[in-house]
Amino acid sequence: MSKGIIALSPLLVFIGLYLVTSIMAGDFYKVPITVAFMISSVYAVIISGGIPLRRRIDIFNRGAGTENMMLMLWIFVLAGAFANSAKVMGCIDATVNLALTLLPGNMLLAGLFLAACFISLAVGTSVGTIVALTPIAAGIAHSTGTSVPMMTAVVVGGSFFGDNLSFISDTTIVSTSTQGCKLSDKFRVNSYLAMPAAALILILYVAMGHGMNSPQNLPEVEYIKVMPYIVVLIVAVLGMNVMAVLTIGIALTGIIGIPDGAFDVYGWFGAMGNGILGMGELIIITMMAGGMLELIKVNGGIDYIITTMTRHVKGKRGAELSIAALVALVDICTANNTVAIITVGGIARQIADRFGVDNRKSASILDTMSCCMQGIIPYGAQILMAAGLASINPVSIIPHLYYPFCIGVIAILAIVFRYPKRYS
């Protein structure tokens, strides 16, 4: 047992270091997560006794540079280039205006929720959706006398719908890469959970929003600028390779944005370059986590945690519950759903393989439970961002976050009652 705990200690050092220093600083984003990973990675190399130093470093490098890891990093690069070039071109503003133009006057809450769902599904980021819609949601709340925390929570909840389902979301990319399944397959499994949850919350918002009025004097919609998101969504749903999907999206931002005057060729290159640089931290974290976990695996830590967590597991139901609990716990500690999936993805894969859990189901559980927890912790980036934009206390949003709570409950019920049957 002691050997297993020692092998796992780099992961415990990372969680403890990041959690404790963040609490001491009073800010979960003041402590760079890259530094926490660097220290725990160095520690992992140091404690791997009985192996020559050069061999330890080689093991770390092997974990950081696996074939799947390199594919994941390539996707991050392309996703960063597409997301930022689309943003600079004005795709987000155009999509927001289109969504708000289509809002029925007496269904404002439901319409805003649908807008957040659609935009986050198209852009693949909850933070981007929150940045785009929260100021509008706060303005609507003030003008209609509605609760600002509730209106803000509508946007935050809808943003996690797309964060969980989108083909270009980093959580989708990481969960499918670590579990070895296609994005389209994971999307199908996830839709059995997310769609009912979204439908229930939509009905709730229809009832709550009766009698509210839509905002007036919206800007004219630039439909051409919505096309990159629409095309990316369509070809992704059709099952095209994610790298091809992102390449098409990048090309469309140039084809539409340059003649439209959003930027010239050099501006387009600059937008892509800044987007790639913006993914730098995630790329570094991914590589260091891969190396650190490879050392943990070689030292027997993975076998120890699987044995401990599955000691009383009798079948697939218990295995799936253990995967859900593991990713939820790590997300609470790291306040980053992507990092949580990166950290436990390899462990979840081995648990799934041992008990015959469908890899599409395990990927869905990882993504769904990490998004659920990320959507309800008041120190997560999404809620902090929304609270700042709406000028409210982050904790005041929590009671109104119906969708993240709903998707978490449905995910657990799906595990317990073996739903959907086809993947259980």
Side-chain angles (χ1 to χ4, degrees), residues 34 37 41 58-86 123-125 163-190 232-233 235-251 272-273 275-298 302 323 327 336-350 352-353 358-367 370-371:
T34 48
F37 262 116
S41 295
D58 287 341
I59 293 172
F60 184 92
N61 293 342
R62 184 179 70 201
T66 63
E67 183 177 336
N68 285 337
M69 193 72 69
M70 290 298 102
L71 176 60
M72 196 186 307
L73 300 187
W74 254 114
I75 294 172
F76 286 157
V77 168
L78 291 173
F82 170 65
N84 198 60
S85 57
V123 304
T125 167
D163 196 311
N164 181 213
L165 276 184
S166 176
F167 285 84
I168 59 174
S169 167
D170 48 9
T171 57
T172 294
I173 294 167
V174 172
S175 61
T176 53
S177 298
T178 58
Q179 301 310 295
C181 66
K182 295 180 180 178
L183 278 78
S184 55
D185 288 338
K186 180 260 184 188
F187 176 87
R188 292 188 187 96
V189 180
N190 244 161
V232 162
L233 182 60
V235 297
V237 171
L238 291 175
M240 183 178 289
N241 180 277
V242 64
M243 296 182 71
V245 168
L246 292 171
T247 301
I248 290 172
I250 292 170
M272 287 189 285
I276 294 170
L277 290 176
M279 301 296 281
E281 182 179 60
L282 184 56
I283 290 172
I284 292 169
I285 290 170
T286 302
M287 295 182 69
M288 286 196 292
M292 183 181 74
L293 290 172
E294 184 67 17
L295 280 170
I296 291 175
K297 177 182 177 182
V298 169
I302 302 296
I323 292 172
V327 73
N336 188 307
N337 48 347
T338 304
V339 172
I341 297 173
I342 291 171
T343 304
V344 307
I347 300 171
R349 177 70 180 273
Q350 293 197 40
D353 289 345
D358 192 310
N359 58 357
R360 297 166 293 186
K361 184 76 178 288
S362 61
S364 175
I365 292 170
L366 283 174
D367 200 341
S370 68
C371 284

- Note on the structure: With sequence neighbours left out, the residues meeting side chain to side chain contact (heavy atoms under 4.5 Å, CB included) with Ile276 are Val77, Ala81

- Task: Check step by step if side chain to side chain contact (heavy atoms under 4.5 Å, CB included) holds for Arg62 and Val298.
- Result: CA-CA 11 Å; Arg62 184 179 70 201; Val298 169; 3.6 Å; yes

- Item | Inter-residue atom distance Phe187.CZ - Arg360.CZ, 0.5 Å rounding | 15.0 Å

- For Asp367, salt bridge (charged side-chain N to carboxylate O under 4.0 Å, His left out) partners two or more places apart: Lys186

- Message: Would you compute the distance between atom CG of Asn84 and atom CG of Leu277 and round it to the nearest 0.5 angstrom?
- Response: 9.5 Å

- Task: Please confirm whether the backbone N or O of Leu165 pairs with a side-chain atom of Asn190, one donor and one acceptor, at under 3.5 Å?
- Result: no

- Gap separating the NZ atom of Lys361 from the SG atom of Cys181, nearest 0.5 angstrom: 13.0 Å

Check residues 338-345 and write down every donor-acceptor pair under 3.5 Å in which the side-chain atom is one partner and the other belongs to a residue at least two apart or another chain.
residue	atom	partner	partner atom	Å
Thr338	OG1	Asp170	OD1	3.2
Thr338	OG1	Asp170	OD2	3.2
Thr343	OG1	Val339	O	2.6

- Task: Measure the CG-SG distance between Leu366 and Cys371 for me, rounded to the nearest 0.5 Å.
- Result: 10.5 Å

- What distance separates Thr178 OG1 from Arg349 CZ, expressed to the nearest 0.5 Å? 8.0 Å

Using atom types as modelled, flag every donor-acceptor pair under 3.5 Å from a side chain in residues 243-250 to any protein atom, sequence neighbours excluded.
residue	atom	partner	partner atom	Å
Thr247	OG1	Met243	O	2.7

- From Asn164 CG over to Ser370 OG, what is the distance, rounded to the nearest 0.5 angstrom? 7.5 Å

- Item | Sequence-distant partners of Asp185, side chain to side chain donor-acceptor pair (under 3.5 Å), two or more places apart | Arg188

- Task: Verify, without hydrogens or angle tests, whether Ser177 (side chain) and Val174 (backbone) share a donor-acceptor contact under 3.5 angstrom.
- Result: no

- Can you see which heavy atom on Met292 is nearest to which on Phe37, and at what distance? CE-CE2, 3.9 Å

- Note on the structure: Residue set satisfying side chain to side chain contact (heavy atoms under 4.5 Å, CB included) with Ser169, at least two apart, ordered chain then number -> Asp163, Ser166, Thr171, Thr172

